[in-house]
Amino acid sequence: MRRVAMFRSLSVRNYRIYALGQLISNPGTWMQRIAQDWLVLQLSGGSGIALGMTTALQFLPMLFFGLWGGAMVDRFDKRKLLILTQASMGVLAVGLGVLAVLGAAEVWHVYVFAFGLGMITVLDNPGRQAFVPEMVDRDLLPNAIALNSASFQLGRVTGPAVAGVLIGLIGSGPVFMINGLSFAFTIVALLMIRTADLNPTERLPRGKGQIREGLRYIGGRRDLVLLLVLAGSVQFFGANGQTQIALMVNNVFETGAESFGVAAAALAVGALVGALLAARREHPRLKLVLIGSMGFGVAQLVAGLMPSYVAFVLVLVPMGVLFMTFVTTLNATFQMSVDPQMRGRVMSMFLLVFMGVAPIGAPVVGLIADVFGPQASLFTGGAVTIVVVSVLSVLLMRTKGVAVRDLLPRRWRGPEPERTGSQSGQRVSGSDHPGDHGDGADREQHQHGAAEQLGVQPAEEALTGEGPEHQRRGTEQQQGADLRG
C-alpha cells in the first residue's frame with residue numbers, strides 16, 4: 001500500500017489553524033476526565049458503581065438524542081455551532097471547578113455536570129466529525145481524521161500526567177478551571193478560519209422525517225449495519241477503559257493519583273502511536289478494523305491477568321495502539337463511504353453506537369468490579385470482545401465472498417480455486433441480495449459511491465468505462481480484496 005506524508009493535511013490553512021486549537025485544548029479535556037474520575041472516587045469512598053454512574057450520565061444523552069443531534073448538524077453552519085458548543089463546555093468546566101474549590105462538591109453535583117456535558121456533546125461530536133470534510137479535500141480526509149485522533153491522543157498522553165501531579169498539589173477544582181479556559185483556544189481557532197476557503201455541505205432544509213430518512217439510508221447498507229454492531233460490541237467494555245484503569249490503580253494496586261495519571265498516559269501513548277500510523281495510510285482498510293478490534297480484546301484479557309502495576313502499565317501501550325487502529329480506520333470508513341448530505345446523520349448514528357453503549361456498559365463494568373474485582377471486569381471485557389469480533393468477522397467475510405484461505409499469506413494459499421456466480425461478485429443485472437433494502441439502482445449507487453469515496457476506481461470501469469453493472473462488480477471485488485489483502 002502506498003504511504004502518504006504523515007502531516008499532509010496540515011498544508012491546508014484552515015485545517016492547520018483548527019488542528020492547532022485542538023492540540024492546545026485537548027490536554028485540558030483529559031485533565032478534567034482524570035480530575036472528575038478521581039473526585040468521584042474520593043467523594044464516594046472508592047465506589048465503582050458511582051464512577052460507572054458518572055460515565056453513564058455523561059454518555060446517556062448521546063444514546064437518547066444522538067440521532068436528533070445529527071439532524072441538527074446537517075441543518076446548521078457547523079463552524080458557528082462548534083463555537084457555541086465549545087463555549088458551553090467551558091462554562092460547565094469552570095462551574096464544577098468552583099464547587100470543588102469551595103469544598104461544596106458532592107457526588108450528585110458531578111452527576112449533574114456530567115449529564116450537562118453529555119447534552120452538549122450530542123451536537124459537538126457529530127459537528128466536529130462533519131466539519132473536517134468541509135476543511136480538506138477528499139484525498140486528504142483519511143489523513144486529517146487520523147491527525148485529529150493523534151491530537152486527541154497527544155492530549156491524552158500529557159493531560160493525565162499533568163492532572164495527576166496537579167491534583168496532588170492543588171486538588172481537582174483548579175484542574176476543572178484550567179480545562180474551562182482551554183476551550184478558548186478552540187474558539188479562537190474557529191473564529192480565525194476563512195469561511196471562503198471552506199467547502200460547506202448543502203444544508204438540510206427543515207422538514208419532517210429526516211431522522212427516518214437517515215435510518216433508511218443506513219439500513220440499506222448492510223456493510224454499515226455490520227460495522228455498527230462491531231463498534232457497539234467493542235465499545236461496550238472499551239468505552240469504559242478509563243474507569244477500569246482507575247479501579248485497577250485505586251482498588252487493586254492501591255496507588256495514588258500520580259500512578260493513575262501514568263497508567264492513563266500509557267494507554268494514550270499507544271493510542272497516539274496507532275493514530276500516527278493511521279495517518280501514513282492512504283485509504284482505510286476493512287481488514288485493519290477487524291485486526292485492531294480483535295487485538296484490543298486480547299490485550300484487555302491480558303491486562304486483567306497482570307500481577308503488578310508495572311506489568312499492567314506495559315500492557316496498556318499495545319492495547320492503545322490496537323484500539324486506535326480500530327477506531328481511526330472505522331471512522332474513516334464511515335466518513336468516506338456515505339452521501340455528504342447524510343454525513344451528519346450517519347456520523348451521529350456511528351457516535352450514538354460508539355459512545356451510546358457507554359451508559360449501558362459503565363454500570364455493568366462497575367458492578368463486575370465491585371462484586372468480582374477489577375481484574376474480572378477487564379478479563380470479561382476482553383473475552384466478550386474476542387467472541388463478538390470472531391462472529392462478525394465471519395459474517396463480513398461471507399458478505400464479501402472471502403474464504404478463510406484468502407486471509408493467509410499468498411505463498412501459503414496454493415492455487416486459486418475457480419470462482420463462479422456470486423463467489424466472484426458477478427450477478428445478473430438487477431438481481432438482489434436477500435434482505436437488501438431499496439431498489440437495485442439505489443444499491444448500485446451506494447456501492448459505487450463507497451468504492452469511489454474510498455479512492456478506489458472499479459476495475460472494469462477503469463479499463464472499459466462501462467456502466468453500473470461493471471462498476472458494481474469492481475466494487476465488490478475491491479471490497480473482497482480489502483479483506484484478503
Side-chain angles (χ1 to χ4, degrees), residues 30 33-34 37-38 41 48 51-52 55 149-150 152-161 163-164 233-278 288-330 358 361-362 364-366 368-369 372-390:
W30 280 102
R33 291 194 179 189
I34 298 298
D37 288 350
W38 201 254
L41 285 174
L51 192 57
T55 303
S149 297
F152 187 70
Q153 297 307 323
L154 183 60
R156 194 175 182 179
V157 172
T158 58
S233 302
V234 174
Q235 277 291 88
F236 188 88
F237 286 95
N240 298 287
Q242 201 75 19
T243 300
Q244 292 173 317
I245 291 173
L247 290 169
M248 287 287 290
V249 171
N250 188 70
N251 297 0
V252 176
F253 303 119
E254 298 181 348
T255 54
E258 293 84 356
S259 298
F260 178 32
V262 170
L267 182 67
V269 166
L272 175 61
V273 172
L276 290 175
L277 290 174
L288 283 176
V289 174
L290 301 178
I291 291 173
S293 55
M294 177 65 77
F296 174 67
V298 173
Q300 272 189 305
L301 192 151
V302 172
L305 299 175
M306 290 298 98
S308 68
Y309 171 77
V310 173
F312 175 71
V313 170
L314 290 176
V315 172
L316 294 179
V317 176
M319 186 167 142
V321 173
L322 291 161
F323 184 71
M324 193 49 52
T325 298
F326 162 67
V327 171
T328 54
T329 310
L330 188 62
V364 174
V365 168
I368 293 174
F372 301 104
Q375 299 102 318
S377 174
L378 275 169
F379 190 88
T380 302
V384 170
T385 298
I386 290 169
V387 171
V388 172
V389 174
S390 299

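This one's a predicted model, so the numbers in the text were calculated from it and none came from an experiment.
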With a cut-off of 3.5 Å and sequence neighbours excluded, list every side-chain donor-acceptor pair involving residues 302-321.
{"unit_1": "S308", "atom_1": "OG", "unit_2": "A311", "atom_2": "N", "d": "3.3"}
{"unit_1": "Y309", "atom_1": "OH", "unit_2": "S259", "atom_2": "O", "d": "2.7"}

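Annotation: the span from L378 atom CG to L247 atom CG amounts to 9.0 Å, rounded to 0.5 Å. Summarising the geometry, atom CG belonging to L272 is positioned 9.0 Å from atom CE belonging to M324; distances are rounded to the nearest 0.5 Å. Rounded to the nearest 0.5 Å, atoms CG (L276) and OG1 (T328) are 10.0 Å apart. For the atom pair D37 CG and L51 CG, the distance stands at 5.0 Å (nearest 0.5 Å). I245 contributes atom CD1, which lies 13.5 Å from atom CG of N250 (distance to the nearest 0.5 angstrom).
With a 4.5 Å cut-off on side-chain heavy atoms, V364 and F236 count as touching. V389 places a side-chain heavy atom less than 4.5 Å from the side chain of V234. Proximity of F296 to F326: side-chain heavy atoms (C-beta onward) are nowhere separated by under 4.5 Å.
In terms of heavy atoms, A246 sits closest to L41 at CB-CD1, 4.2 Å. Pairing each heavy atom of N251 with each of P374, the nearest pair is CB-CG, 4.3 Å.
Scanning for ring-ring contact (aromatic ring centres under 6.0 Å, His included) contacts around F260 gives W38, with sequence neighbours left out. When the side-chain contact (heavy atoms from CB on, under 4.5 Å) test is applied to T158, the partners found at least two apart in sequence or on another chain are P27. In this structure Q300 satisfies the side-chain hydrogen bond (donor to acceptor under 3.5 Å, both in side chains) test with no other residue, sequence neighbours excluded. Not a single side-chain hydrogen bond (donor to acceptor under 3.5 Å, both in side chains) links T329 to another residue, sequence neighbours left out.
Listed by first then second residue, pairs satisfying side-chain hydrogen bond (donor to acceptor under 3.5 Å, both in side chains) with a partner in residues 375-387 read Q244-S377, not counting sequence neighbours.
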- request: Under the side-chain contact (heavy atoms from CB on, under 4.5 Å) rule, what do I386 and L301 come out as? Steps first, then yes or no, please.
  value: CA-CA 9 Å; I386 290 169; L301 192 151; 4.2 Å; yes
